[in-house]
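We name chains A, B, ... by the order of the sequence lines, and we start the count at 1 in each one.
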Protein chains: 2
Amino acid sequence: MKPSPDTLRAFTEAAHGGSFTAAARVLGKSQSTISEAIANLEIDLGVKLFDRSTRRPQLTPEGQLLLAQASLMLQAEERFMRTAGQLAAGLEPRLTVVLTDRYQSPDYESILAELDQRYPALEFECLLGEGADALALVQEGRAQLAMVAAQPAYPSDLARATAQHPSQTALFVAATHPLAKQPSPSVDDLAHVRELRLNTYLDEASITAKGHYWSAPSFLLLMEMAELGFGWAALPRWMVERYAPGKLVELRLPGWPQQGAIDVVWSSRRPLGVAGHWLRQRLSA
Amino acid sequence: MKPSPDTLRAFTEAAHGGSFTAAARVLGKSQSTISEAIANLEIDLGVKLFDRSTRRPQLTPEGQLLLAQASLMLQAEERFMRTAGQLAAGLEPRLTVVLTDRYQSPDYESILAELDQRYPALEFECLLGEGADALALVQEGRAQLAMVAAQPAYPSDLARATAQHPSQTALFVAATHPLAKQPSPSVDDLAHVRELRLNTYLDEASITAKGHYWSAPSFLLLMEMAELGFGWAALPRWMVERYAPGKLVELRLPGWPQQGAIDVVWSSRRPLGVAGHWLRQRLSA
DNA sequence: ACAAACTATCGATAAAACCGATGATAACTA
DNA sequence: TAGTTATCATCGGTTTTATCGATAGTTTGT
């Protein structure tokens, strides 16, 4: 015989309050219900849970042990019911967001922490994808949200909002690099030093249109190369401040640092679930 | 409405086997019972768990999420029932053993690990107490077992058995100590060097009956003092091998190292629970 | 000894769990 | 395409369980 959740509630509540009658009041049942429930539980388990020789039932040592485990069961049940409730209220079981390496930011961390707290059962998936790729993932339903560099126009089945935090990209060289000694070098100066650039897609305007360059598929790699003095690179400022403080020096050029607006994009065909809706609002300005 | 354990079993079993009928067979119920149980569960939760468009019901994404949590509940329930079963079979809810500092040993670790595996819910308490103290704790019921140095006779309400592992106590000095250079010093040699001895009780025969000595309440402290070269000490060999390998040197004297038999002691008045019984047998020769 | 506050027990009733039978649907086979 | 099989949903009837109110018995404190 499996004990029902109600029976366990009766048990834990009676143990907590030290009285069957009090437990009955709390649970909105009659006293006899609690009494019988616990008596039957004791019979089913073959264990005396309470010592009734005194007026207020006293937990036996065995009862204390089982109380702890019963609480764990009820805790698990509570989680189950809560996520069921959230699902019934429209929570999508999983949420996929595609980010561009360029536009990650520590600001998102607190937002994600909030998301985790609100929807603990939600499966959250984070993809990396560039420009058109990211949009395609949203269009075909593989992802629900994307954060991309703002574009003048989007396909008609996509909706957009401006993100709360723009990206700040600046030019950096190693502090030990000769270029670091010039306060504000010219474009020509840069042309004589190797550029380190992303090779993920090519529609980005390079400052030195045809210069020699090394490339890497992620900003983290680029930053390491820059630290080692291989050249200069355009990098997200937060990344430099966080992972290479003091090792890189910013270069001041006309038009830099660049402030790039970021768009949150979702499909207007597929309605967002509650978590997606919440996250979109939280990310938008 | 709280879902009953049987309902959850039906859910997890159906999800696992991919068939309500198969789940019914496994659970020993009729197919209609499972079907209705799951249908009701879906109604109660407000969440569609299975996609029935195909012949074999397919878990929805929501169902997958809830399946994981349901499994956790059932797991907790299983633990609950198992410890209830053990308690019903005579498992005592807590077991207290009193050890003497002198007679700890790494051999006990594996035995305790086994105990933990057999009786995961058991509350295990470990006390430290010397000779007569330890016996008193067992007599008054505060502890169920004690491990003490073998005595010729015990109070009539105590029973004993010889423990599996005798204690090996030997004499040690720091490797840097002048005494360490003599292969086998005489008692007189020792008398001129400070003794480090336990101060927990005084009925132990000291080698240098009246010599100068320092004392500490635990072997670990004594060993540290010996390591620092403050004198020589009688220490459990396992402790030196484990915590100060190479730092101390054993001294060979007639009658040393001492091999001390250890007794497992319990009360003949209070019958041991199953865990206590098991532990006693495991500790005895 | 009495009052107050419990718990245990009993009979009745409402709710649910369960079963077997039946019908409907999808997948497989010839 | 038609028939067969395996499966699920539904329904009526039966058994089991949960719950309540009433009542009797205990412990605690006055």
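Checking S268(A) against R270(A) by side-chain atom types alone, no donor-acceptor pair falls below 3.5 Å.
Between F50(A) and F20(A), the gap from one ring centroid to the other is short of 6.0 Å.
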Measure all distances between protein nitrogen or oxygen atoms and nitrogen or oxygen atoms of nucleotides 18-20 of chain D, and list the pairs falling under 3.5 Å.
from: dT19(D); atom 1: OP1; to: K29(A); atom 2: NZ; distance (Å): 2.6
from: dC20(D); atom 1: OP2; to: S30(A); atom 2: N; distance (Å): 2.6
from: dC20(D); atom 1: OP2; to: S30(A); atom 2: OG; distance (Å): 3.1
from: dC20(D); atom 1: OP2; to: T33(A); atom 2: OG1; distance (Å): 2.6
from: dC20(D); atom 1: N4; to: E36(A); atom 2: OE1; distance (Å): 3.2

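Each end of the helix from dA1(C)-dT30(D) to dA30(C)-dT1(D) yields a helix axis from five base pairs, and these two axes differ in direction by 30° (to the nearest 10 degrees).
When atom types are taken as modelled, the side chain of D263(B) and the backbone of V265(B) share no donor-acceptor pair closer than 3.5 angstrom.
No more than 12 heavy atoms of other residues, nucleotides or ligands lie within 6.0 Å of CD in E78(B), so this atom counts as exposed by the packing criterion. Remark: Q117(B) CD is loosely packed, at most 12 non-hydrogen atoms of other residues, nucleotides or ligands lying under 6.0 Å away.
If you take CZ of R25(A) and P of dA5(C), they are 10 Å apart, rounded to a whole angstrom. As a whole-Å value, the separation of Q58(B) CD from dT25(C) C1' is 17 Å.
For R52(B), counting side-chain heavy atoms from C-beta on, the closest listed nucleotide (dT7(D), dT7(C), dA9(D)) is dA9(D). With distances taken from any side-chain atom of R55(A) to the nucleotides dT28(D), dT7(C), dA27(C), the minimum falls on dT28(D).
Side chains of L8(B) and F80(A) form a contact here, defined as non-hydrogen atoms less than 4.5 Å apart. E125(A) is listed as a side-chain neighbour of R94(A), based on a closest heavy-atom distance under 4.5 Å.
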